[in-house]
Amino acid sequence: MKYKPFQCMSVGAAVAAILGSISQSPVYAAEDTADSLDEVTVTGSRIVRRDFESPSPVVTVGSELFEQTGSVAVEKSLNQLPQFVPSQTMFSSADVQPSAFNNPGIVTLNLRGLGANRNLVLIDGRRPQPANASLVVDINSIPSAAIESVEIISGGASATYGADAMGGVTNFKMKRNFQGLNVSAQTSFTEEGGGRESTVSALLGGNFGDGKGNAMIGLSWTERQALMAADRSFYTDGWADPNTPGGEGIPFSNIQFAANNRPTAAGYAAAGLPTATAGESVFVNPNGTLFLNSAANRGVGYSGPLDTQFKRQGSGTANPGLITANNLNTIITTPLTRYSIFGNAHYDLTEKTSVFMQANVSSMRVDTILNYAPATSQWGVSIPVDGRVLPTALATLLASRPNNTYCLTGSTGCGATGSNTTPTTNAALVGTFNPAFGPNAPYTVARTMDFAGPRSTRNSTDTYQVMTGLKGELGDTDWNYEAYISHGKTSLLTEMNGFPGLQNYQKVAAAPNFGRNLTAGSGPPLFFELKCTTGLPIVTYFTPSQDCVNAISGSMKHLTETKQNIAEVNVTGDLFSLPAGTIGSAWGASWRENTYRWRPDDQ
């Protein structure tokens, strides 16, 4: 999928009255304070002022917040603040569905719960490189070692920055004028073990040009290991508790019959089961016997294991006796590996004009994992009755399905419920068997495909952004300006595993003996050869050969590319003074182009 680039062009002016406040402190204290303050630009107001007042609440946190948490995740520290609602975080471990607007494994911020794309993220007051078509920023791409502080506007700033700042603004202020060498290493792990996080970073900076300029470069490596749910008692205790329902589909074959082609009561009795209710499926035990598992017949006939994975629900659940399964592949935190380079420099061309540059490059890999793919409902497979070997109980049940004969449309009782007849206007068919019904009719098998492995993604993201510009004062006035251009690109490759291809799975499973010793072609639109040695574990359970898993595998690769170009000019200064204070103004023009390309299943 490729969309045309969209561009944003805005020219705006803001005029704000900066009113002097009435102070109850002595006059000399106010004067000392005014003299000690430099001019600053408060995030959320582009007007340069000599105070820290802002029309919206601003919270500032220093780099100590990240250094003292013992975590390599920047968002983990910020999400502890009441202004933030966790969105995509290091705990979003089950996100395996990529799209143009979703990147599994990225980390976003969400102010006031209005959504990640309604919280504007800035770096030094400028837009960083977005991660996907929704233009959210992956916080993983911001080098934590270079962060000086973070300013957070939680009261909304859409009047200044646009609709994507409706929830507020998070402005990461990077270190400037750094001199010397700083090397740091940190490793941490949880009290109960597991989830180790390690980071090594180095900052090198210094002045040049007789103090007119400064340059800094930072390097960092970060690794976070996965924390498995099986390593935590609050998960395993829940798995073992019969009054905690399992959250995973049981990986036993589920035999489904058409409403007008159900086995007889005698057939169920011969298979050792009570008669199933209308629409109820039959499951196959590991030993080949059958069992029922519905609200009407909870685990009736089940002879499989009862262990960490499988349990019979207790009296404290809505359906006591029902057989459910636990997802033993659950991970609590996503594993992460990240390399990043960050640099900035500035040089005073004159006393009133300076040039600045900034660049950052990051490469990271994040893995996510869900559960086994369910081949159920429309993803089930129709199995013909063709003499293949079946468990005795299942073969008995299938053979009990009564034949269905054609009858003349309109004749007495023709097509009535329970009559096992099918109306037809073709007199030549009257009295013959309808092949779609009866003991030789196909049946449907649904299966949670544990033999294909859990669904998972490996997300490799490469991001870069370069920026350069000029800033300074206009003549001998108190007006200031800044003009810059920026270019960046984000490339995400998502490799998906454990997602069987429907067409190939149905073809292999429906083949004689469930694909054993199968060699067949597949297509269109893609033509390739399918090979399967052992067949698939459809009604008997075993570990299939790797070529069978490969034959049904839907190994997919999704590529997302997002580019951003920005040109922006801002001018600020005082217009005139009034008795209550100075009228300040901010004028700006901005051009922004965002282009993205999403290539699903890009082989």
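Quick caveat, the model's predicted, so the values are computed rather than measured. FYI, the numbering just counts along the sequence from 1.
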Colleague: Give a yes or no on whether the backbone of Ala441 and the side-chain of Arg401 come within a donor-acceptor separation of less than 3.5 Å.
Modeller: yes
Colleague: Kindly check if the number of other-residue, nucleotide or ligand heavy atoms within 6.0 Å of CZ (Arg516) is above 12?
Modeller: no
Colleague: If you measure only the distance, is there a donor-acceptor pair under 3.5 Å linking the side chains of Asn459 and Thr494?
Modeller: yes
Colleague: Show your working on side chain to side chain contact (heavy atoms under 4.5 Å, CB included) between Leu109 and Phe84 and close with a plain yes or no.
Modeller: CA-CA 7 Å; Leu109 297 177; Phe84 289 95; 4.0 Å; yes
Colleague: Look at Arg597 together with Glu561 and state whether they make a salt bridge at an N to O cut-off of under 4.0 Å.
Modeller: yes
Colleague: Testing Thr533, Thr519, Thr534, Leu530 for side chain to side chain contact (heavy atoms under 4.5 Å, CB included) with Asp547, which one passes?
Modeller: Thr533
Colleague: If only side-chain N and O atoms count, and only distance matters, is there a donor-acceptor pair under 3.5 Å linking Ser141 with Thr463?
Modeller: no
Colleague: So, Thr405 and Thr421: side-chain donor and acceptor under 3.5 Å apart, yes or no?
Modeller: no
Colleague: Under a 3.5 Å threshold, yes or no: a donor from one side chain and an acceptor from the other, between Asp138 and Asn103?
Modeller: no
Colleague: Any chance OH of Tyr339 has more than 12 other-residue heavy atoms, nucleotides or ligands included, within less than 6.0 Å?
Modeller: no
Colleague: Do we see a donor-acceptor contact under 3.5 Å between the side chains of Asn319 and Gln313?
Modeller: no
Colleague: Kindly determine whether Phe310 and Phe252 satisfy ring pair (Phe, Tyr, Trp, His ring centres under 6.0 Å), including the steps that lead there.
Modeller: CA-CA 11 Å; Phe310 302 102; Phe252 298 120; 5.1 Å; yes
Colleague: Between Glu529 and Lys531, does any NZ, NE, NH1 or NH2 come within less than 4.0 Å of an OD or OE carboxylate oxygen?
Modeller: yes
Colleague: If you count the non-hydrogen atoms of other residues, nucleotides and ligands that lie under 6.0 Å from CZ in Phe433, is the total more than 12?
Modeller: no
Colleague: Mark yes or no for whether Arg118, through its side chain, and Gly115, through its backbone, hold a donor-acceptor pair below 3.5 Å.
Modeller: no
Colleague: What I want to check is whether the side chains of Thr560 and Asn132 have a donor and an acceptor closer together than 3.5 Å.
Modeller: no
Colleague: Just by distance, no angles: are the side chains of Asn326 and Gln309 close enough, under 3.5 Å, to form a donor-acceptor pair?
Modeller: no
Colleague: For Ser491 and Asp462, does a side-chain donor sit closer than 3.5 Å to a side-chain acceptor?
Modeller: no
Colleague: Whether the Thr289 and Asn287 side chains hold a donor-acceptor pair (N or O, under 3.5 Å, no angle test) is what I'd like checked.
Modeller: yes
